[in-house]
Amino acid sequence: MREIAVIGAGTMGNGIAHTFAQYGFAVSLVDVSSERLDKAIQTIGKNLDRQMAKGSITEEVKSKTLSSIKTYTEIPKGVAGAALVVEAATEDINLKLKIFKELDEAAPQGAILASNTSSISITRIAAVTKRPGQVIGMHFMNPVPVMKLVEIINGYATRPEVTQSIIDLAIQLDKTPCVVEDYPGFIANRILMPMINEAICSLHEGVAGVKEIDTVMKLGMAHPMGPLQLADFIGLDVCLSILKVLQEGFGQPKYAPNPLLVNMVTAGYLGVKSGEGFYHYTPGEKNPPVSPRFLP
Ligand SMILES: NC(=O)c1ccc[n+]([C@@H]2O[C@H](COP(=O)([O-])OP(=O)(O)OC[C@H]3O[C@@H](n4cnc5c(N)ncnc54)[C@H](O)[C@@H]3O)[C@@H](O)[C@H]2O)c1
């Protein structure tokens with residue numbers, strides 16, 4: 001497997017394209033927006049510079065990586081020679097179903113179609129294609145070039161040899177694959193999101209402040225980042241939509257998103273990307289202060 005197509009050139013798509021290209025694959029990066037493609041190439045260049053400054057790659061690897069990535073604004077052109085397609089477009093079920101129908105028509109018959117979705121059922125995505133045995137979840141973590149885990153999700157119909165090739169591929173990228181089955185939230189978000197929600201419930205009930213909650217989890221549980229800061233980093237809208245998937249998928253009240261989270265998302269306080277969530281963000285600030293709304 002040498003030719004990979006990545007659909008979506010946002011946060012995850014640029015990281016996935018960067019990682020495959022760095023490990024010697026020819027990558028076609030596809031996005032509907034040519035601005036997003038230009039921005040992705042710039043971001044990859046900056047991230048490669050950072051790796052060079054740390055001494056983890058050479059100038060030669062940087063230029064080979066950049067020259068291995070070609071960009072496209074149309075799926076059929078981008079996936080024509082792909083052995084694997086990794087879809088990392090916006091997290092929207094209808095959009096993903098539409099993209100997978102198009103991928104099924106345009107990608108070579110033997111190609112594996114993978115999705116980087118955080119929460120949408122792989123079985124449901126596979127069902128709109130004529131090759132459900134070749135559809136699988138390949139869930140990278142953010143930032144992709146740095147994070148070691150690839151959560152591999154077997155859809156109901158995924159064939160064992162397809163899972164094995166994705167395991168082998170993740171190892172070739174110097175990642176650690178973990179195979180899980182297709183149930184709401186898979187493993188990563190099924191465990192992470194209730195923890196984040198519980199942190200928000202504790203804040204909402206006045207049990208402790210933002211700093212205290214995050215400090216307990218950082219220093220007490222050796223988490224590199226507290227759950228409220230992590231929620232800001234992921235995006236509060238993303239956290240809310242994953243909790244809704246868990247609530248709907250399991251039908252249990254324990255997954256109900258806390259009303260404070262719902263209010264914050266409704267008001268547009270989405271965390272890092274909007275400039276404010278549980279913390280207040282200014283560009284270049286390394287230690288963001290707690291949002292004034294959550295100060296006593
Ligand atoms: N951000 C994270 O931390 C994270 C982590 C793991 C998984 N994910 C998953 O990765 C996927 C992408 O998330 P993201 O954060 O990179 O989103 P993003 O909003 O940064 O990027 C999505 C990109 O998809 C493009 N797009 C939309 N429709 C398209 C189409 N029809 N064809 C091609 N491109 C299209 C958009 O133009 C945009 O550039 C989602 O499924 C998300 O759940 C995100």
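Whatever order the structure lists ligands and atoms in, that order sets their numbers, starting from 1.
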Pick whichever of Gly235, Ala188, Ala88 has a heavy atom sitting closest to atom 12 (C) of ligand 1. Ala88
Against heavy atoms of Thr117, which atoms of ligand 1 measure under 4.0 Å? 41 (O)
Under the 3.5 angstrom rule, does the side chain of Thr123 hit a backbone N or O of Tyr156 as a donor-acceptor pair? yes
Relative to atom 18 (P) of ligand 1, which among Glu87, Glu74, Arg36, Lys273 owns the nearest non-hydrogen atom? Arg36
Pairwise side-chain contact, Tyr279 with Gln229, heavy-atom cut-off 4.5 Å (strictly under): yes
With a cut-off of 4.0 Å, which atoms of ligand 1 are near a heavy atom of Gly10? 16 (O), 20 (O), 21 (O), 23 (C), 39 (O)
Asn142 heavy atoms, cut-off 4.0 Å: which ligand 1 atoms fall inside? 3 (O)
What's the shortest distance from atom 17 (O) of ligand 1 to any protein heavy atom, and which residue and atom give it? Thr11 N, 4.7 Å
In plain terms, say whether Lys273 and Asp237 are close enough for a salt bridge, that is, a side-chain N and a carboxylate O under 4.0 Å apart. yes
Do any N or O atoms from the side chain of Thr90 and from the backbone of Asp92 form a donor-acceptor pair under 3.5 angstrom? no
Ligand-residue contact atoms, ligand 1 with Lys96, heavy atoms, under 4.0 Å: 40 (C), 41 (O)
Gly8 neighbourhood, listing ligand 1 atoms whose heavy-atom distance to it stays under 4.0 Å: 24 (O), 34 (N)
Check whether any N or O atom of His139, backbone or side chain, sits under 3.5 Å from an N or O atom of ligand 1, and answer yes or no. no
State whether the side chain of Asn14 and the backbone N or O of Ile44 hold a donor-acceptor pair below 3.5 Å, judged by distance alone. no
Ignoring hydrogens, just give me the one of Val32, Ile7, Val86 whose non-hydrogen atom is nearest atom 26 (N) of ligand 1. Val32
Atom 27 (C) of ligand 1: closest protein heavy atom, distance to 0.1 Å, is Thr90 OG1, 3.4 Å
Can you find a heavy atom in the side chain of Leu113 that is under 4.5 Å from one in the side chain of Gln134? no
Would you call Asp174 and Lys148 a salt bridge, taking side-chain N to carboxylate O under 4.0 Å as the test? yes
Are any of the N or O atoms of Ser33 closer than 3.5 Å to those of ligand 1? no
Identity and distance of the protein heavy atom lying nearest atom 10 (O) of ligand 1: Asn116 ND2, 2.9 Å
Does some non-hydrogen atom of Phe140 fall short of 4.0 Å from ligand 1? yes
Using only atom types and a distance under 3.5 Å, with no angle test, would you say the side chain of Asn258 pairs donor to acceptor with the backbone of Asn197? no
Main-chain N/O of Gly78 paired to Lys70 side chain as donor or acceptor, under 3.5 Å: no
Identified side chain to side chain contact (heavy atoms under 4.5 Å, CB included) partner of Glu151 from the options Val180, Val179, Asn116, Asn189: Val180
Considering distance alone, does some N or O of Lys98 sit under 3.5 Å from an N or O of ligand 1? no
Side-chain donor-acceptor contact under 3.5 Å, Glu3 with Ser28: no
Between Glu87 and Ser115, does any side-chain donor sit less than 3.5 Å from a side-chain acceptor? yes
To check your reading of the model: name the closest protein heavy atom to atom 7 (C) of ligand 1, its residue, and the distance in Å. Ser118 OG, 3.2 Å
On a heavy-atom basis, I'd like to know which of Asn189, Asp31, Ile99 is closest to atom 39 (O) of ligand 1. Asp31
To the nearest 0.1 Å, how far is atom 11 (C) of ligand 1 from its closest protein heavy atom, and which atom is that? Ala89 O, 3.3 Å
Measuring only between side-chain heavy atoms, which start at C-beta, is Gln247 closer than 4.5 Å to Gln252? no
Non-hydrogen atoms of Leu95 versus ligand 1: any pair closer than 4.0 Å? yes
Is Met12 close to ligand 1, meaning an N/O of one under 3.5 Å from an N/O of the other? yes
Heavy atom of the protein closest to atom 41 (O) of ligand 1 (residue, atom name, distance): Glu91 OE1, 2.5 Å
